[in-house]
Amino acid sequence: MPIMKVRLRTLILFLSAGSMLLTTCLIIFCIFWYQREEIRDYIAFSNEAYAKKIASTTDQYLASAQKQLEWSADLISNTFEKDDVKKQFLHISGQSDYFNSVFYINKESQVEVTTNQAGNMEGRYINTLNVKNNIINKIPLISSPFVSVVGNLVVMISQPVFSSQGNYQGFIGGTIYLTTDSILSRIIGQHFYGANTKVTILDSSDSVIFNDYDSHVLSIRKNFSSLCDSGVSGSMDLSSFTIGFACVDRSKWIVLISTPKQTATNMLYASVKKSLPLIFFILFTMIFVVFFISVKISQPLEKLAKITEGADGKSLLKKLPRVRTWFYEANQLTSAVYYRLMDMNQRAEKFREESATDPLTGILNRRGFFRALVNQSKSKTNSLILMDLDHFKKINDSYGHETGDRVLMNFSSLIKNSFKKNALIARFGGEEFVALLPGTDINAACAMAMKLQGEMYKLKFSDNENVTFSAGIVNLKISEDDVMQALVEADRLLYEAKESGRNKILRQEC
Ligand SMILES: Nc1nc2c(ncn2[C@@H]2O[C@H](COP(=O)(O)OP(=O)(O)OP(=O)(O)O)[C@@H](O)[C@H]2O)c(=O)[nH]1
């Protein structure tokens, strides 16, 4: 069973298209890989910058808020007029919008003035940890988040109040709501940076001050606040998040900006998706161009292969110049095949001729005789003469083979000259010759043979010796079977001629 071979065109196409496809995939993969890292770096950088911005804004807000309380503390230490103080507090909490409520608690932990109407607080004693801290420490403080006596989650900024003699009187506190509307929640809650990016603010004990969503970040690491010890800002990869952080100097709060790592991958997927039509367009254009080129490259070789299928040397030689070659290798190959074929044909022709010719006499041999029969015109009357030299062995033995050869050559020349040009003359082997005479009847053939006998008699060799020949003559129609039959008959007659004394010509009875 013949093995199917792959075609050159298919090979080139698959090789080129395959390598292009592979290269494209590798390029997309490399771009994807390195770009993702770059985008993650960029997200980390942006998150840090954004955390710094929020931390700085918050710090400025706290500084301003403390300044407000400091100014009110001065007022109280100079003249404590309850109405004036309350007005002042209302101004701070209402107009300047720094605090949700402002209050003054004296050193006995009693609320003297408050802007908060809820809970009827004025005159009441408050013994919370925050209040105690303030009274004991007597310094400006920013508290951790806590639930106020009226039930709000707040942080408190406080400022100690001293008399003009320097005696501690109590402290002014300003509360900022964390879960309901406040200036702090507005500063840190309204951000415009990426849908997947979230803001979380923790105090120095990792309590949540602000968290703009139910953050997974808080569950993957404890002790964020310790980051403030190593630097004011930075970024890090934490589990599946890229986190930028910055510290609020004044309060030691930490601002965390977190983005899921998947965001970078999603961004890349989106951009690859967008560019896919262009990539495929370029790819298919290239494949089309490669296909076109592969057809052009393979065409001459395909044609060359096709015309060699079942073609003989001669028809191949005719078809070969029609193969149009435009590149060096194909051209060389076609030329090489062409010249090789031509050479082979010439050699084959020469060999054919040689195989049909008797090398000594130059006339046809037995093979050549039968091959030439095919081209003979078919006449009704033809004759065949089979001739054999008499006692030729003696000539060889007496005068040597060279003389024998010369006799053979002379005899063949005489035969050639004695018959018509269309006669088919051959040496059948040894000293036996045949002459087929187309369009010659047996009488004419006999006359020619006898004339040849006379000529032969005249031909002398060596010591004026001469050679005779015997012959059998038959008539025949030209076809291979007839010739074979005629040869058998002629051979019989020749044998008879030899037997009856040689130098005789016997003819078939007609
Ligand atoms: N010189 C020479 N001798 C040849 C060649 N071919 C055959 N012979 C010789 O021809 C001789 C033929 O001998 P025979 O077959 O006995 O025939 P003959 O001697 O002619 O005898 P008859 O045919 O019976 O008359 C042999 O001695 C062959 O060696 C050749 O090409 N050159």
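Ligands are counted one by one from 1 in listed order, and the atoms in each one are counted from 1 as well.
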So that I know where these two stand, are F433 and F428 an aromatic pair - ring centroids less than 6.0 Å apart? no
Review item, side-chain donor-acceptor pairs of residues 27-35, under 3.5 Å, at least two apart:
none

Could you give the N/O to N/O pairs under 3.5 Å linking ligand 1 and the protein, each with its distance?
| unit_1 | atom_1 | unit_2 | atom_2 | d |
| --- | --- | --- | --- | --- |
| ligand 1 | 1 (N) | N396 | OD1 | 2.8 |
| ligand 1 | 1 (N) | H401 | O | 3.1 |
| ligand 1 | 1 (N) | D405 | OD1 | 3.1 |
| ligand 1 | 3 (N) | N396 | ND2 | 2.7 |
| ligand 1 | 17 (O) | E431 | OE2 | 3.1 |
| ligand 1 | 19 (O) | F392 | N | 3.4 |
| ligand 1 | 19 (O) | K393 | N | 2.9 |
| ligand 1 | 20 (O) | L389 | O | 3.4 |
| ligand 1 | 20 (O) | H391 | N | 3.4 |
| ligand 1 | 20 (O) | F392 | N | 2.8 |
| ligand 1 | 20 (O) | E431 | OE2 | 3.0 |
| ligand 1 | 23 (O) | D388 | OD1 | 3.2 |
| ligand 1 | 23 (O) | E431 | OE2 | 3.4 |
| ligand 1 | 23 (O) | K498 | NZ | 3.0 |
| ligand 1 | 24 (O) | R502 | NH2 | 3.0 |
| ligand 1 | 25 (O) | H391 | N | 2.9 |
| ligand 1 | 25 (O) | K498 | NZ | 3.0 |
| ligand 1 | 25 (O) | R502 | NE | 2.9 |
| ligand 1 | 31 (O) | R427 | NH2 | 2.8 |
| ligand 1 | 32 (N) | D405 | OD1 | 2.7 |

Using the ring of each side chain (for Trp, its six-membered ring), is Y42 parallel, tilted or perpendicular to F45, with breaks at 30° and 60°? tilted
Quick check: does any side chain N or O of R427 sit under 3.5 Å from a backbone N or O of G430, one acting as donor and the other as acceptor? yes
Rounded to the nearest 0.5 Å, the CD1 atom of I425 sits from the CG atom of N422 at a distance of 9.5 Å
Cationic tip of K421 within the cone over F419's six-membered ring, i.e. under 6.0 Å and within 45° of the normal? no
